[in-house]
Amino acid sequence: MDSSASVVLSSPCAKLPNLEGNHGNIEKGGVAPFIDSAFLQKQSQVPTGFVWPEADLVSAHQELNEPLVDLEGFFKGDVVATENAAKAIRSSCVSHGFFQVTNHGVDLNLIKLADDHLDQFFKLPVEEKAKVKRCPGSPYGYSGSHADRFSAKLPWKETLSFAFHQGPNPVVADFCKSKLGKDFEETGRVYQKYCEAMHNLALSITELLAISLKVDRMHYREFFEDAHSILRCNFYPTCQEPSLSLGTGPHCDPISLTILYQDEVRGLDVFVNNIWQTVRPIQGALVINIGDTFSALTNGMYKSCLHRAVVNSQKERRSMAFFLCPRDDKVVKPPEDLLRIEGMTRKFPDFTWSDFLRFTQYNYRPDETTLQKFSNWLLSADNNKHL
């Protein structure tokens, strides 16, 4: 576990305290049960719990110059264009696990509509948002700065996360209707459609990733067909001392693949060539991050992207991250063809996504070493019996 951030233990979804507009006291390292953007934006100084170590705050002075991957030829079945896209993806993933895609097939009007609905939730009073608070051990629901889980290095943001999987029932729409009421029925329908579009794009990306690795092009697509994924909506309020805090600290996503929409406000940094580099938002493009689980599916050949989110004092920032995850019981291991082609030996033991998710929710705060720490934990005889 990250020694600089202690886990706050609490009973699952305990009865909410009477907030009455009081966000609690977070001075001198204390934390409040619920902290939202309205509270954060009132702070003229960054509270102690939100101050990050200087090593994590080193500024990015260079813009990442990565070629955009145009997917139009791939979708049209153009062999040459597909090979070129696969080569660009391979180069980026071997290096740092990050690229952006254009002509991705997701309706830009749907993306804008989903973005427009973010404020409907995040501008609610904190006591309303707290009604859908995340339960301990679950990645789904509302979280204000993760103050229910940690007491140090708190992120300057709030999030709303939905579970998503393909099936006869519209799970995202049902969640919004049942938990947030009739006022959010349209929001639920929008995010349901958004998740469906992102799921389809994610499967296409996995197909390209397989081509880039020279394995059966359907290998990863079939592995993720019945994926149980996550949509996370992020809201980063303004911060009067942005040099002291972070919207999200340096980490690699433990999931398989991230498809990120970000608005026009800069804030995403990626660690490339041993320095932090900024990612310029490109209208119509979507960001793709390789996560730890997909890195394991390539035996570590493709890097899990180390990234962070910075904040600023002028403009709020919004983003939506679709996290592609395998079905809980799927065994994560690289294809034998890849090991043979690349002449590699196994770097990580077999595991399931449910075990990895449990590890990140209860045992270890995700950072750039999560996958290796999890592998070591799995191989430990003492911990193995608790899975």
Side-chain angles (χ1 to χ4, degrees), residues 12-13 75 101 104-124 128-135 137-143 158-207 220-235 253-263 286-288 291 293 318-330 352-354 357 361:
C13 291
F75 286 126
V101 295
H104 42 67
V106 179
D107 187 346
L108 297 182
N109 291 324
L110 175 60
I111 295 176
K112 182 181 185 305
L113 189 59
D115 178 67
D116 290 343
H117 276 263
L118 290 175
D119 281 355
Q120 184 179 2
F121 177 80
F122 288 120
K123 296 300 184 182
L124 286 173
E128 290 298 314
K129 289 182 280 193
K131 290 178 180 178
V132 291
K133 68 185 280 280
R134 284 171 57 170
C135 295
S138 169
Y140 313 126
Y142 171 73
S143 176
E158 53 183 341
T159 66
L160 177 65
S161 304
F162 306 101
F164 172 79
H165 60 269
Q166 294 280 45
N169 298 318
V171 290
V172 177
D174 288 349
F175 175 89
C176 288
K177 182 178 179 180
S178 64
K179 300 294 185 182
L180 296 170
K182 291 184 177 180
D183 290 344
F184 284 85
E185 283 190 51
E186 177 61 21
T187 298
R189 286 191 289 267
V190 168
Y191 287 128
Q192 179 72 34
K193 292 179 180 178
Y194 186 86
C195 285
E196 291 168 357
M198 288 297 160
H199 173 78
N200 291 334
L201 174 59
L203 293 182
S204 296
I205 296 294
T206 63
E207 193 174 335
Y220 295 120
R221 186 183 186 103
E222 292 173 353
F223 183 81
F224 287 106
E225 282 284 357
D226 53 359
H228 284 198
S229 298
I230 302 167
L231 174 64
R232 178 159 298 161
C233 302
N234 302 298
F235 185 86
D253 293 334
I255 50 75
S256 298
L257 201 67
T258 301
I259 303 178
L260 178 76
Y261 158 80
Q262 54 177 340
D263 66 12
L286 292 169
V287 167
I288 311 295
T293 301
R318 299 159 181 80
S319 69
M320 295 179 290
F322 182 82
F323 299 133
L324 180 70
C325 311
R327 198 183 65 216
D328 289 356
D329 60 351
K330 282 285 186 72
T352 62
W353 166 240
S354 60
L357 177 61
Q361 294 299 307

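Counting from 1, the numbers follow the sequence of the chain as shown.
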K.L.:
Which heavy atom in Leu108 sits nearest to a heavy atom in His104, and how many Å separate them?
P.N.:
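Heavy atoms of Leu108 and His104 come nearest at CD2-CE1, 4.0 Å.
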K.L.:
Less than 4.5 Å apart, side chain to side chain, heavy atoms only: is that true for Gln120 and Glu186?
P.N.:
no
K.L.:
Would you say the side chain of Thr293 lies within less than 4.5 Å of the side chain of Asp253, judging by non-hydrogen atoms?
P.N.:
no
K.L.:
To the nearest 0.5 angstrom, please state how far the SG atom of Cys176 sits from the NZ atom of Lys182.
P.N.:
16.0 Å
K.L.:
Is the shortest heavy-atom distance from the side chain of Arg134 to the side chain of Tyr142 under 4.5 Å?
P.N.:
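Sidechains of Tyr142 and Arg134: no contact.
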K.L.:
Check the pair Ile259, Met320 against side-chain contact (heavy atoms from CB on, under 4.5 Å), reporting the backbone distance first and the verdict last.
P.N.:
CA-CA 8 Å; Ile259 303 178; Met320 295 179 290; over 6 Å; no
K.L.:
Side chains of Thr352 and Asp329 only: does a donor on one sit below 3.5 Å from an acceptor on the other?
P.N.:
no
K.L.:
For residues Pro326 and Trp353, report the shortest heavy-atom separation together with the two atoms involved.
P.N.:
O-CD1, 3.5 Å
K.L.:
Applying salt bridge (Lys or Arg N to Asp or Glu O under 4.0 Å), which residue pairs with at least one partner in residues 109-119 are found, sequence neighbours left out?
P.N.:
Lys112-Asp116, Asp119-Arg318
K.L.:
Between Phe322 and Tyr261, does the ring centroid distance fall short of 6.0 Å?
P.N.:
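They do not qualify: ring centres at least 6.0 Å apart.
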K.L.:
How long is the straight-line distance from CZ of Phe235 back to CD of Glu158, given to the nearest 0.5 Å?
P.N.:
6.5 Å
K.L.:
Do Leu257 and Ile288 touch side chain to side chain, with heavy atoms closer than 4.5 Å?
P.N.:
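Yes; the side chains approach each other to less than 4.5 Å.
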K.L.:
Do Leu118 and Lys123 have side-chain heavy atoms sitting under 4.5 Å apart?
P.N.:
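Heavy-atom side-chain distance check fails, nothing below 4.5 Å.
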K.L.:
Would you mind reporting whether Leu160 and Val132 have side-chain heavy atoms less than 4.5 Å apart?
P.N.:
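Yes - at least one pair of side-chain heavy atoms lies under 4.5 Å apart.
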K.L.:
CZ/Phe175 to CZ/Phe184 distance, rounded to the nearest 0.5 angstrom?
P.N.:
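Output value for this atom pair is 11.0 Å.
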K.L.:
Return the CD1 to CG distance between Ile205 and Asn200, rounded to the nearest 0.5 Å.
P.N.:
12.0 Å
K.L.:
Would you please test Val287 and Gln262 for side-chain contact (heavy atoms from CB on, under 4.5 Å) and show each step?
P.N.:
CA-CA 8 Å; Val287 167; Gln262 54 177 340; 3.8 Å; yes
K.L.:
Under 3.5 Å, is there a donor-acceptor pair between the Asn234 and Thr159 side chains?
P.N.:
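Absent: no donor and acceptor within the cut-off.
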K.L.:
Give a yes or no on whether the backbone of Phe122 and the side-chain of Lys129 come within a donor-acceptor separation of less than 3.5 Å.
P.N.:
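Present.
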K.L.:
Which side-chain N or O atoms in residues 220-232 pair as donor and acceptor under 3.5 Å with protein atoms at least two apart or in another chain?
P.N.:
unit_1	atom_1	unit_2	atom_2	d
Tyr220	OH	Leu297	O	2.9
Arg221	NH1	Glu207	OE1	3.1
Asp226	OD1	Lys330	NZ	3.0
Asp226	OD2	Arg327	NH1	2.4
Ser229	OG	Phe323	O	3.4
Ser229	OG	Cys325	N	3.4
Arg232	NE	Ser161	OG	2.7
Arg232	NH2	Pro139	O	3.3
Arg232	NH2	Ser161	OG	3.4

K.L.:
Is there a side-chain contact between Ile255 and Leu324 in this structure, where contact means two heavy atoms from C-beta onward sitting under 4.5 Å apart?
P.N.:
no
K.L.:
How long is the gap from NZ on Lys179 to CG on Asp174, to the nearest 0.5 Å?
P.N.:
11.5 Å
K.L.:
Is it true that Tyr191 and Phe162 have ring centroids separated by less than 6.0 Å?
P.N.:
yes
K.L.:
What closest approach, in Å, do Ala173 and Gln192 show between heavy atoms, and which atom pair accounts for it?
P.N.:
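Minimum heavy-atom contact is N-OE1, 3.4 Å.
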K.L.:
Mind checking side chain to side chain donor-acceptor pair (under 3.5 Å) for Gln166 and listing every partner two or more places apart, or none if nothing turns up?
P.N.:
none
K.L.:
Which heavy atom in Phe75 sits nearest to a heavy atom in Gly105, and how many Å separate them?
P.N.:
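Shortest heavy-atom contact: CE1-N, 4.4 Å.
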K.L.:
If you look at every heavy atom in Val172 and Ala163, which pair is closest and at what distance?
P.N.:
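Where Val172 meets Ala163 most closely, the heavy atoms are CG2-O, 3.5 Å.
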K.L.:
Any chance you could measure Leu201, atom CG, to Thr206, atom OG1, to the nearest 0.5 Å?
P.N.:
9.5 Å
K.L.:
Can you find a heavy atom in the side chain of Leu180 that is under 4.5 Å from one in the side chain of Phe121?
P.N.:
yes
K.L.:
Inspect the contact between Lys193 and Glu196 and indicate whether a charged nitrogen and a carboxylate oxygen are less than 4.0 angstrom apart.
P.N.:
no
